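For reference, the structure is listed below as structure tokens.
In what follows, chains are A, B, ... by sequence order, proteins preceding strands, each numbered from 1. These figures come from a predicted structure and were not determined experimentally.
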2 protein chains.
Amino acid sequence: MTKLKVDLIADNLMAIHPLLYKSISKPLRSKTSITPGGMFVMDSLKRRGMLSMSDIGKCLSMPKPHITVIVDKLIDEGYVVRHNDSNDRRIINISLTDKGLIDFEDIKKSLSETLKSKLVLLNDQELEQLSEASQKMKEILISILSRE
Amino acid sequence: MTKLKVDLIADNLMAIHPLLYKSISKPLRSKTSITPGGMFVMDSLKRRGMLSMSDIGKCLSMPKPHITVIVDKLIDEGYVVRHNDSNDRRIINISLTDKGLIDFEDIKKSLSETLKSKLVLLNDQELEQLSEASQKMKEILISILSRE
DNA sequence: TATAATGGTTACAAATATATAACTATTGTT
DNA sequence: AACAATAGTTATATATTTGTAACCATTATA
């Protein structure tokens, strides 16, 4: 019973994934020099605040050496900064800069412009439904998928 | 007004994208030899039936040479086959094999097993909400994002 | 028939992602 | 003090993705 519901959910998520990939990751690269990985890191920082290198890796299930590469590039571009941890000198915390935050928002706005050209095809009721459905999905997925 | 709603939707989609990436694309690689790109192609074929090489590229916004590489690999593994088009001999149509369809479903089932370990944290009401929200999102996104 | 356009492949280069091991510095434990 | 464990980096190799140009076969058009 719930088994079927879980399979249905998995099926829906599998269908949504390539659509988001196509309408988010792809247009991204024509708009900025930020890579998808860099965008994921900035999204985590925006959403959860300052994070250590290891925390970022856990958030995104990425190996630490990859995080180092991504963060190095984001630092070169002035989007994030390193902070030494006062309690544990092994730890390096990363946070968004003002420029990083502003550019991140700009990119999202730019993406919503692209999306808007598609969304105008929806009537008010569908727009409302998509707004509510995406909001609900975001909340539930964050609650179960974004830990550890 | 609707401007704000569009931005909200974009924000939600941007938040959902990395969660799906983490819980779908990543676990995929430990379970199969199929690459994310190959999975996207098989998903398109499952959803839309036989497609030409160019059609697949349009579906996924991928350049044709990349499709050739992905399809070559899927053929090596016996997941898809090429068909000559009887009307236009330039066109090569691709379809899933029985093995491709079965393995694709198996992988999705395997992914839903992984997901299920997370979804048990939800109560019946949340499960129902996620089921409905993902269903609605899938329908609307497909209707506006999967053309051309 | 000559030409342009289309569908697909091949070849190549560059960027990005993945994975592993080795290494330094620091901390925690005995 | 000796040791193991943790956080992060460096180095290296490989896989995947992205992008471009050139090419062949076929079809459409002038």
Side-chain angles (χ1 to χ4, degrees), chain A residues 17-18 20-22 24-42 44 50-77 80-95 148, chain B residues 17-18 20-22 24-42 44 50-77 80-95 148:
Chain A
H17 183 41
L20 294 185
Y21 170 75
K22 176 184 171 180
I24 293 181
S25 277
K26 283 297 175 63
L28 213 63
R29 321 189 65 144
S30 59
K31 295 183 191 306
T32 82
S33 61
I34 304 180
T35 65
M39 205 65 185
F40 288 166
V41 168
M42 293 178 78
S44 299
M50 179 143 37
L51 292 172
S52 73
M53 298 292 289
S54 291
D55 288 339
I56 296 173
K58 286 176 192 165
C59 274
L60 300 172
S61 299
M62 286 175 178
K64 285 194 295 179
H66 191 195
I67 305 297
T68 299
V69 172
I70 293 174
V71 167
D72 279 348
K73 193 170 179 191
L74 290 176
I75 287 176
D76 283 345
E77 287 160 331
V80 303
V81 283
R82 283 183 227 258
H83 305 274
N84 292 320
D85 190 296
S86 49
N87 295 325
D88 186 337
R89 297 200 294 171
R90 291 171 300 182
I91 296 177
I92 294 184
N93 294 303
I94 310 297
S95 70
E148 171 65 1
Chain B
H17 183 41
L20 295 184
Y21 171 75
K22 175 184 172 181
I24 293 180
S25 278
K26 283 297 174 65
L28 212 64
R29 320 189 66 144
S30 59
K31 296 181 190 308
T32 82
S33 62
I34 305 180
T35 65
M39 204 66 185
F40 288 166
V41 168
M42 291 178 78
S44 299
M50 178 142 37
L51 293 172
S52 73
M53 298 292 287
S54 293
D55 288 340
I56 296 173
K58 286 175 192 164
C59 274
L60 300 172
S61 299
M62 286 174 179
K64 285 192 295 179
H66 190 194
I67 305 297
T68 299
V69 172
I70 292 174
V71 167
D72 278 349
K73 193 171 178 189
L74 290 176
I75 287 176
D76 283 345
E77 287 159 332
V80 303
V81 283
R82 284 181 225 259
H83 305 273
N84 292 320
D85 190 295
S86 50
N87 295 325
D88 186 336
R89 296 200 295 172
R90 292 170 300 181
I91 296 177
I92 294 183
N93 294 303
I94 311 297
S95 70
E148 167 65 3

Would you say [X] reaches [N]'s phosphate, i.e. side-chain N/O to OP1/OP2 under 4.0 Å?
X: S52(A); N: dA7(D); result: no
X: Y21(B); N: dA17(C); result: no
X: T68(A); N: dT9(D); result: yes
X: K73(B); N: dA15(D); result: no
X: T35(A); N: dA15(C); result: no

[X] [atom1] - [N] [atom2] separation (whole Å):
X: K64(B); N: dA11(C); atom1: NZ; atom2: P; answer: 17 Å
X: I94(B); N: dG7(C); atom1: CD1; atom2: C1'; answer: 12 Å
X: N84(A); N: dA7(D); atom1: CG; atom2: P; answer: 16 Å
X: I91(B); N: dT27(D); atom1: CD1; atom2: C1'; answer: 10 Å

>> Please classify the nucleic acid contact of F40(B) as base, sugar-phosphate, or nothing, using heavy-atom distances under 4.0 Å.
In response: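 The residue F40(B) makes no contact with any strand.
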>> Tell me which pairs pass salt bridge (Lys or Arg N to Asp or Glu O under 4.0 Å) where either residue lies in residues 85-95 of chain A, with sequence neighbours left out.
In response: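 Listed once each, the pairs are D88(A)-R90(A).
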> Using 30° and 60° as the class limits, which term best fits the ring planes of F40(A) and H17(B): parallel, tilted or perpendicular?
Replying inline: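 Ring orientation of F40(A) relative to H17(B): perpendicular.
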I'd like a table of atom pairs between the protein and nucleotides 21-25 of chain C - only N or O on both sides, under 3.5 Å - with the distance next to each one.
none

> Using Watson-Crick and G-U wobble pairs whose two distances are both under 3.5 Å, how do you write the pairing of DNA chain C as dot-bracket, with | for links to another strand?
Replying inline: ||||||||||||||||||||||||||||||
